[in-house]
Chemist: 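The structure follows.
Heavy atoms only: backbone and side chains are in, while hydrogens, waters and symmetry mates are out.
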Amino acid sequence: MPETESNRNLTLERNLALELVRVTEAAALASSRLMGRGDNIAVDAAAVDAMRAMLDTVPMDGIVVIGEGEKDEAPMLYNGERIGDGSPPHCDIAVDPVDGTKLTANGRGNALAVIALADRDTMYQPGPCVYMNKIAVGPNARGAIDLDLSATENLRRVADALGKSIRDLTAVILDRPRHIDLIEEVRSAGARIRLIPDGDVAGALSTAWPESGADILFGIGGTPEGVIAAAALKCMGGDIQGRLWPRDEAEREGAIAEGIDLDRKLGLDDLVASDNCFFAATGVTDGDLLQGVRFSALGPSTQSLVMRSRSGTIRLINTNHRRDKMSQLPPAE
C-alpha cells in the first residue's frame, strides 16, 4: 500500500502508543529496584530520572500539563516543561512516574508507573491545586454519578445502573483521616469498602476493570492522578467527576488569583477534552490491575497496559527485558 498522510499518521499513532509503554517500563524498572527499601523519595527520583530520559526519545512535541514537580518538588517533569524530540504530534502530557511511591518503598502492592497524552491544549490545568475531590465509575455506571450528591445517593444510583443492591457494591477510598465521615456514610449505606493506602490512579482504573471487583471510587486524592485517571477512563468508557480541593488558604488564594473557579464541578470532558488520548501504565509492584516487575537470571519482566480513546483499544503487554541490552536500570546495591 502506498504511503499517504492518513497511513503515515496511523503508523505514527500506533508507534506512539508503544513508545509510551517504553516510557512507563523505564520508570517501573528503575523504581522497582528500590522496592521495600523504605525510601519513597529515592523511589520517585529513580522513576522521574528514567521517565524523563526516555521521554526525550519519543517523537512528539509535548508539554507537561500535569507533573510531579510541583507536588513532590521534583527537578524534572514539572508543569510547563517541554518533552519529546520536538516533532509532531503536538500534545499535552500528564505524568505520575510512580503512582504509589510509598507503596513501592514499603514493598506493598498496586504501584504503577503511568503517563497520559492528549491533543495540545485539551488537558485541564489546575494551577496551584494539587488535590481534588473525585468520584469515578466504570462504563456500566457512566452517567450515574454526581459529585454534588451525597455518597449514599451516588451508591443508590450506581447500584441501579449495575443492577446490584448497595450491599453488593465495593467502594474504593483512600485511607486518610480526611475521609472518616465519608467512610462512615458508606458503611451506613451498607456498601463494602476497600481502603487503599495510596495509588488512586489504580483505584480509579479498578472501577472499570471487571476482574478487580471495585464499583466506585470516592474521596480526595491528587489532582495529577485525577487528570491521568480521566484519560484512562475515557479510553475505557468510564466516568469521573472532580472538584479542586485547596490544602490551605494560600493555595486557595493562589487559585483564585489565576482565575480558577474552585466551585466548578469538572466532568470527564473538562479534565480531558480530546477524544484522541492515550494512556499507558506499567506495574511496579504486584496489584489488582497489573503484575509488578519480576527479576530472573535472564533479566526483568514487566506487564503494561496501553489504551487509546479514539480506537477504544485496550492492550495488555507482557515484556521480557534482556539484561545485557538494558541501560535504564540502576545497579543493584
Chemist: Side chains of Thr122 and Cys277, heavy atoms from C-beta outward: is any pair under 4.5 Å?
Modeler: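 A side-chain contact under 4.5 Å is absent here.
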Chemist: Would you check, one step at a time, whether the test salt bridge (charged side-chain N to carboxylate O under 4.0 Å, His left out) holds for Arg156 with Asp160?
Modeler: CA-CA 6 Å; Arg156 288 181 183 141; Asp160 288 344; over 6 Å; no
Chemist: Run through the side-chain heavy atoms of Ile, Leu, Val, Met, Phe, Trp and Tyr, join any pair under 4.5 Å, and report what else lands in Ile180's cluster.
Modeler: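 Reading the cluster by chain and number, Ile180 sits alone, since nothing else belongs.
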Chemist: Any ion pair linking Asp146 and Arg157 (charged N to carboxylate O, less than 4.0 Å)?
Modeler: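 The answer is no: the pair does not qualify as a salt bridge.
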Chemist: Inspect the contact between Arg310 and Asp275 and indicate whether a charged nitrogen and a carboxylate oxygen are less than 4.0 angstrom apart.
Modeler: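 Salt bridge absent between Asp275 and Arg310.
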Chemist: Any salt bridge between Asp44 and Lys102, counting N to O under 4.0 Å?
Modeler: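 No salt bridge links Asp44 with Lys102.
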Chemist: With the threshold set at 4.0 Å, does a side-chain nitrogen-carboxylate oxygen contact exist between Asp288 and Arg194?
Modeler: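 Arg194 and Asp288: salt-bridged.
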Chemist: Got Phe218 and Leu155 here, is their nearest side-chain heavy-atom distance under 4.5 Å?
Modeler: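 Yes, side chains in contact.
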Chemist: List, by chain and then residue number, the residues other than Leu205 in its hydrophobic cluster (Ile/Leu/Val/Met/Phe/Trp/Tyr, side-chain heavy atoms under 4.5 Å); write none if there are no others.
Modeler: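 Cluster partners of Leu205: Leu112, Val114, Val201, Trp209, Ile228, Met236, Phe279, Leu289, Leu290, Leu305, Met307, Ile314, Leu316.
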Chemist: If every non-hydrogen atom of Leu262 is compared with every non-hydrogen atom of Cys129, which pair is closest and at what distance?
Modeler: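 Of all heavy-atom pairs spanning Leu262 and Cys129, the closest is CD2-SG, 4.0 Å.
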Chemist: If you measure from CG on Leu16 to CE on Met60, what distance do you get to the nearest 0.5 Å?
Modeler: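 With rounding to 0.5 Å, CG (Leu16) is 7.0 Å from CE (Met60).
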Chemist: Quick test of your reading of the model: are Glu25 and Arg22 salt-bridged, counting only N-O distances below 4.0 Å?
Modeler: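 No salt bridge links Glu25 with Arg22.
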Chemist: Below 4.0 angstrom, N of the basic side chain to O of the carboxylate: do Asp270 and Arg264 qualify?
Modeler: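 The answer is yes: the pair qualifies as a salt bridge.
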Chemist: Looking just at side-chain N and O atoms, do Arg294 and Ser301 make a donor-acceptor pair shorter than 3.5 Å?
Modeler: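 Judged by distance alone, the side chains do not pair up.
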Chemist: In plain terms, say whether Glu225 and Lys134 are close enough for a salt bridge, that is, a side-chain N and a carboxylate O under 4.0 Å apart.
Modeler: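 Between Lys134 and Glu225 there is no salt bridge, as every charged N stays at least 4.0 Å from the carboxylate O atoms.
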Chemist: From the options Val227, Asn79, Asp92, select the one residue that forms a side-chain contact (heavy atoms from CB on, under 4.5 Å) with Val65.
Modeler: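 Among Val227, Asn79, Asp92, the one that satisfies the side-chain contact (heavy atoms from CB on, under 4.5 Å) with Val65 is Asp92.
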Chemist: Between Thr319 and Thr302 (side chain of the first, backbone of the second, donor and acceptor by atom type, cut-off under 3.5 Å), is there such a pair?
Modeler: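 Such a contact is absent between Thr319 side chain and Thr302 backbone.
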